[in-house]
Amino acid sequence: MALHPSARLRAHLAWLRRGQGALQLRRPFGATLVWAAVVLAGLAAGVEIFARSEQGSELIPLRGVGSRHFQFEVKVDRLEKLAETAGPVDCLFLGDSTVHQAVDPALITARLKQDPGVAMTCFNFGVRGLNQAVLAPLAEILVDEYRPAWLLVGVNVTGLQRRLAVPDNDAILGSPWVRQRLGDPNWEGWLLDHSRAYRAFDPFRNWMQDDYLEELLWEIGRWRNMDPFGHLSPTTVLAEPLPDMTVPLNQAIAGLMISFEPSPENLAGLERTLELTRSGVQVVLVEIPVHAGFLTLLENGRADYDRGRQTVADLAQRHDAVFLMDDSFDQLIPLDGWSNLNHMNRNGSQIFSAWLSGRLAGLLRAGRLHAAEEPVSP
Amino acid sequence: MTLLTVKNAFIVGAVLIGSFLAPGRWHKGLLLGGSLLLLVRLTGPYAVVFIGAVVVTWLLPRAWSRWPRALTPLFLLGIAANLAVLAVFKYRPSAMHGLARRLFGDGAAESLGPVLVPLGLSYFALQAVSYLVDVRRGRAPAGSGLADVALYLTYFPKFLAGPIERAGDFLERLAAPRSVDNERLARSLTLLVVGLFRKFVLANPLLAISGIETYASADAPGGAASAALLAAHVFAVYNDFAGYTNLAQGISGLFGLDLSPNFRRPFFAQGLGDFWSRWHASLTGWLKEYIYFPLTRAMLKAGRGWAGPAALALPPVLTLLFSGLWHGASPQFLAWGGLVGALLAVEAVFGRSEWGRRWRAAGGAAAAARAVLVTTVMSLTTVLFVLPIPAAAAFWRSLFDGSAPAAIHPALLPLLAISLLLDAFQARGRDDASLVRWPLPLRAAGLALAVLVIFLATRSTGPRVFIYQGF
């Protein structure tokens, strides 16, 4: 008579227990694995404690987040350090390299402290190649982490162009840390989020690749002079007010700018960023101007530029958000304020930041913006 | 396609758990099921070619044992059929692409991409030949079941890149009862860790440092820098393949089935012939067993002019020419085979002389010098494995162009030292898994450190595939 399945299973388990299966382990076993696990845990804990210590922190040149985009990594690292040393970060400037070079948070906070007397800690999170489509999820991550009072989003109107595709963005969005923060759990993202030692190792992961170390050290050196608030602008000055069309880069830009049309992805990104007001953060859009010479690369020149700007203004209006723009940038920022046709240099950034602080002060006074803290007593 | 994927690991894990839980009579079925599943995953539509070859290879010995008069023609048919499949895939891939298009449609043919030699076919063909020869010689049973033959030819730990097993030995091991006790488990896990260490900590960084293949179209840096690149490449290939073999042995060990060794510290070799018995030893063993020895015996038997120095010189040249063809269908591999064969022939003739005997007998520093010389000569021949003949010649010239010493990667020498140190430990224990005999604290610390370093090394964006799966 055939045995009941449960009886057969019991018989089989008994057979296995008698050591008659293929696996025939005798006690004791596993001591090496247990001790190795203990050593590994001890080793990991020791390295982690050292990485979190003051001496360890000083030795770590960069705490990576696995994106392979050095400037992004440096900005994340510097922002963290600012929050660790200066306390809560009250305002974040977000955008691409034009924001990185144009906005000087130290100057803006100093001006705001003078008038209308609010103390703020601000950070420039402008990163090369960040378009609005990528900026939106990053803004969500940063707002979630730092809870700033203000989110000032730099809008580089030409950067909205449909044809512009920036490979840097894939590196950022594909990084395990960003994926983890955006709700795509992965073990490496978790590790980057929780282990200072692993983050110290991360930038060196490809040490064996040709020139990787040199490149890493060059990148670290390149951003070394960035101030604690994330700003670094060059001192080089634009030589010619009109683009030299024999230069391949200008030809390429002109090719990309034909039939200017803001991309739906970037506009959707901008809209997603504006919706962060629901999280309690005040979102302000800021026009980051280009030199007038840049407009000659657009098929319809200023008309294209103004059309793009109007699109952003309409979007801001729909969300009841402020869009800080100006028609007098051509007069405001002189030729020696530009390092190239769409990036300001140190001189330009001082002028632009002074203009921006004035507009922010105006918004504060008008009650359109609220400071993170009460006004400082005179 | 690489073996080291989560899906493949899951399949292997599932088969392993099944083999631990199921009664012994199910083991072969489980192993064969897992092997066929991985075969399909690794070779895609070409799996039908393998399955067809398995059936033909299994049928022929049964046929000739039934009709002994047809033995020789059927035997030759089997050898020719297996080698023909390999040759057509290797040397006329465009024809196979056309056939794939006809059989499976444009989409499937395109999905096969540029890799037209199905993974594992080179190893499969040699083992099929081994089965036919061993059955004919009476070293393997003619009446083996289809499952046994299929498992011998497609067993997943060795399918992609060996070790190339002799049919008689493997089928004997397959027939014996298998179990995994403490010692075997520890040994297998040690081999897995050593394999991963060699692949990720040594081979991948050395491959990244070397980049020797880029000099097919560019000038090599010259002088010591070229020598450093070459050293990086040779040690990378060694660690990649030895690492793969250790992984195959470790995985197979978990199923209670031992696989043959493939590498026995080749950089400690005392002669060129010795080097070849230590490097890809399972291929060398196959070549010796099925080409070199029969050829030498035939020449000695023929007597007269064939029995003298010719019997020493010709077999290695012809054997290595076959080896070159097996590695690839281009003049560079043929040149490599001819060159190494000629070097082996010179060594064989020289070894018989008084000078040769003295050179071999000298110990101490002379032994170290022999190892360095052998490694250097073999490394130089390796250039032909990577570069076409003109580029290889230019690379060799660059080694002696007297260029000023250029900067070499700072990690190169430490990586070479670690590789040699690991070899030395294994040589001392006369076993790739000799680390398992270390005292417990040292073993635990070594394992912890190895796991940590392997983990960190896997974080690089370096290659995941094994070099020899391409042959």
Side-chain angles (χ1 to χ4, degrees), chain A residues 8-9 11-13 15-17 19-48 64 66-68 171 174-176 186-188 191-192 195 197-214, chain B residues 16-24 26-27 30 177-186 189-190 193 201 204-211 214 232 236 254-256 407 409-412 415 435-436 438 440-452 455-462:
Chain A
R8 283 173 67 176
L9 180 64
H12 186 69
L13 290 175
W15 176 80
L16 285 172
R17 273 199 298 273
Q20 290 173 316
L23 190 61
Q24 298 181 355
L25 296 183
R26 302 176 309 276
R27 288 171 194 277
F29 58 83
T32 309
L33 293 179
V34 170
W35 278 109
V38 170
V39 172
L40 196 58
L43 208 60
V47 174
E48 187 62 31
S67 75
R68 311 277 75 80
S175 81
N186 63 92
W187 65 267
E188 194 172 10
L191 205 54
L192 285 163
S195 167
Y198 189 65
R199 287 189 59 190
F201 162 76
D202 181 70
F204 297 94
R205 61 164 61 187
N206 286 324
W207 55 269
M208 74 296 282
Q209 284 177 11
D210 197 25
D211 296 337
Y212 183 82
L213 273 182
E214 286 90 334
Chain B
L16 183 64
I17 291 169
S19 79
F20 284 161
L21 295 178
W26 290 17
H27 282 190
L30 277 166
R178 292 182 301 282
S179 64
V180 179
D181 57 13
N182 296 38
E183 197 184 332
R184 185 186 282 276
L185 184 66
L189 293 177
T190 305
V193 173
V201 182
N204 282 2
L206 284 168
L207 271 179
I209 289 170
S210 158
T214 57
L254 293 174
F255 292 95
H409 198 291
L412 175 61
L415 288 171
L435 285 68
V436 82
W438 285 4
L440 177 63
L442 211 57
R443 210 164 59 219
L447 176 61
L449 205 60
V451 167
L452 184 64
F455 166 71
L456 295 179
T458 57
R459 300 296 86 220
S460 83
T461 49

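Below, chains carry the letters A, B, ... as their sequence lines are ordered, and counting in each starts from 1. All values derive from a computational prediction rather than experimental measurement. Values below: all heavy atoms of this structure, side chains included; hydrogens, waters and symmetry mates excluded.
Under the side chain to side chain donor-acceptor pair (under 3.5 Å) criterion, B:Glu183 pairs with no residue, sequence neighbours left out. By the side chain to side chain contact (heavy atoms under 4.5 Å, CB included) test, A:Ala200 is found to be paired with A:Ile60, residues two or more places apart in sequence or in another chain being considered. Applying the side chain to side chain donor-acceptor pair (under 3.5 Å) rule to B:Arg178 yields no partners; only residues at least two apart in sequence or on another chain are considered.
One distance of note links CZ of A:Arg205 with OG1 of B:Thr458; it measures 9.0 Å at 0.5 Å rounding. Separation of atoms CZ (B:Arg459) and OH (A:Tyr198) is listed at 4.5 Å; rounding is to 0.5 Å.
When heavy atoms are compared at a cutoff of 4.5 Å, A:Phe204 does not approach chain B at all. Looking at B:Leu254, neither its backbone nor its side chain comes within 4.5 Å of chain A, counting heavy atoms on both sides. Looking at B:Leu452, both its backbone and its side chain come within 4.5 Å of chain A, counting heavy atoms on both sides.
Here the closest non-hydrogen pair linking A:Trp207 and B:Leu415 is CH2-CD1, 4.1 Å. Of all heavy-atom pairs spanning B:Leu456 and A:Phe201, the tightest one is O-CZ, 3.4 Å. The two residues A:Met208 and B:Ala208 have their closest heavy-atom pair at CG-CB, 3.4 Å.
Taking 4.5 Å as the heavy-atom cut-off, the residues of residues 34-42 of chain A that approach chain B are A:Trp35, A:Ala36, A:Val39, A:Leu40, ordered by number.
The shortest side-chain heavy-atom distance between A:Thr32 and B:Val436 does not fall under the 4.5 Å cut-off.
Interface summary for chain A: among B:Leu447, B:Asn182, B:Leu440, B:Leu412, the most heavy-atom pairs under 4.5 angstrom belong to B:Asn182. Per-residue counts of heavy-atom pairs under 4.5 Å with chain A were compared for B:Pro205, B:Ala450, B:Gly446; the largest is that of B:Pro205.
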